[in-house]
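Step one of this worksheet: look at the structure below.
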There are 2 protein chains.
Amino acid sequence: MARIREFDTDQAVDRAMDLFWRRGYAETSLQDLLKELSIGSGSFYAAFGSKEQLYIRSLDRYISLQGGDLETTLGETPGIRPAVRRVLTSMIEADLADPTRGCLVVNTATECGDQPLAADRVNTAIRQVESSLAGALERAQARGEISPEKNPGELARFLTTFIQGIRIVGGARVGREFIEDALSTAMRVLD
Amino acid sequence: MARIREFDTDQAVDRAMDLFWRRGYAETSLQDLLKELSIGSGSFYAAFGSKEQLYIRSLDRYISLQGGDLETTLGETPGIRPAVRRVLTSMIEADLADPTRGCLVVNTATECGDQPLAADRVNTAIRQVESSLAGALERAQARGEISPEKNPGELARFLTTFIQGIRIVGGARVGREFIEDALSTAMRVLD
DNA sequence: CCCTTTCTGGATTGATCAATACATAATTAA
DNA sequence: TTAATTATGTATTGATCAATCCAGAAAGGG
């Protein structure tokens with residue numbers, strides 16, 4: 001019926017996500033995207049509509065991937081304390097390994113905070129982290145790993161907030177010791 | 001000897017700081033700045049050199065103002081717990097009142113993370129917050145308000161990290177309850 | 001008064017921006 | 001083979017970007 005698209009759209013979103021993640025929305029030009037995706041602008045606009053639409057799509061992809069990773073780590077690591085610690089340390093390691101990247105959700109929150117579509121995604125992502133943590137903490141409490149006096153929801157909201165702080169400080173080159181001190185102190189709220 | 005400048009440079013930096021704070025670096029155009037400062041481009045470049053240089057100068061001004069506020073609050077509020085709580089709640093109130101603003105240091109960390117001059121300022125600002133908090137916690141420990149077993153430096157690094165998280169979550173419109181749960185949980189590390 | 005110096009702001013620069021137009025190529029149904 | 005449809009990439013659009021140029025204005029020294 002018609003000509004077939006020569007590139008894989010989902011793969012292109014992944015590549016765009018990576019570029020936006022590294023450089024931010026404003027600093028990623030359309031030419032940068034076209035070069036990274038190896039397509040022309042005609043194909044670009046036919047497939048994605050606009051730079052902004054592709055950004056939102058990349059952000060959705062990021063949130064989906066990160067949400068899956070979080071659920072997997074919390075679900076597969078025995079013991080709530082090792083599980084939470086693993087979640088936090090994996091972020092710290094990522095930040096220390098590449099301080100320019102950070103978290104795409106956090107980057108979006110500060111760079112695109114007044115764009116409604118982007119702000120909605122940020123809100124959704126944060127609630128998703130809260131929900132995953134709250135679920136894991138509730139299950140741990142049922143298993144007796146956490147004192148019955150604790151409120152899993154409150155703990156989850158605390159950890160979610162702390163995680164956002166990790167993403168900022170982790171990119172600020174303050175040294176591993178700084179963040180590990182913060183981490184070990186934060187872990188004490190579970191006791 | 002020569003014509004005198006018709007505008008107040010320091011006041012112009014304050015106005016520029018406010019604009020960068022609200023809109024970010026990339027989203028603030030030179031025309032926006034000229035309009036806000038009510039000067040022409042000739043005067044602008046004679047006085048400030050470039051948009052980037054003015055941004056750095058605005059950032060330095062912001063860090064100086066915020067650092068002074070922090071020292072004042074910590075120094076004048078009796079009791080370390082009320083003092084820390086006041087520091088955190090004042091940030092929360094500011095974030096809830098104007099979610100688009102946030103913290104200029106945090107915004108810079110994510111938007112200009114790979115610009116060396118800006119990254120240095122972010123690093124300095126975070127260490128400054130850590131230092132102020134550590135000092136207040138040490139004094140409180142000497143007064144007996146905090147257990148001698150605690151490490152004031154570790155607590156300061158935790159609180160500094162948590163504060164950065166507050167600035168992100170505070171702008172994400174998750175509701176006051178979310179952040180207040182996080183806050184009350186965070187305060188327990190001082191016990 | 002004139003001279004020197006600096007400030008001022010509008011005009012202009014060249015670059016780059018996101019997005020569109022369009023001719024051509026590829027694909028399938030008829 | 002033809003017609004219909006969609007993809008592709010280049011050229012081009014108008015807007016906007018940060019920064020420079022420059023002619024005139026304002027100030028103080030002589």
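All chains are named by letter (A, B, ...) in the order of the sequence lines, taking the proteins before the strands, and each is independently numbered beginning at 1.
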Got a sec, which residues hit salt bridge (Lys or Arg N to Asp or Glu O under 4.0 Å) with B:Arg176, two or more places apart in sequence or on another chain?
B:Glu93, B:Glu180
Just list the side-chain donor-acceptor pairs under 3.5 Å for residues 127-136 of chain B, sequence neighbours left out, or say none.
{"residue": "B:Arg127", "atom": "NE", "partner": "B:Asn123", "partner atom": "OD1", "Å": "3.0"}
{"residue": "B:Arg127", "atom": "NH2", "partner": "A:Val174", "partner atom": "O", "Å": "3.2"}
{"residue": "B:Gln128", "atom": "NE2", "partner": "B:Ile63", "partner atom": "O", "Å": "3.3"}
{"residue": "B:Glu130", "atom": "OE2", "partner": "B:Arg157", "partner atom": "NH1", "Å": "2.7"}
{"residue": "B:Ser132", "atom": "OG", "partner": "B:Glu71", "partner atom": "OE2", "Å": "2.7"}
{"residue": "B:Ser132", "atom": "OG", "partner": "B:Gln128", "partner atom": "O", "Å": "3.2"}

Which nucleotides of nucleotides 8-18 of chain C have their base under 4.0 Å from a protein heavy atom (B), which only their sugar-phosphate (S), and which neither (-), written as one string 5' to 3'?
SBBB-----SS
By side-chain contact (heavy atoms from CB on, under 4.5 Å), A:Glu6 pairs with (sequence neighbours left out) A:Arg3
Applying ring-ring contact (aromatic ring centres under 6.0 Å, His included) to A:Phe178 and not counting sequence neighbours gives none
When Ile, Leu, Val, Met, Phe, Trp and Tyr are grouped by side-chain heavy atoms lying under 4.5 Å apart, directly or through other members, which residues fall in the same group as A:Ile168?
A:Val106, B:Val106, B:Ile168
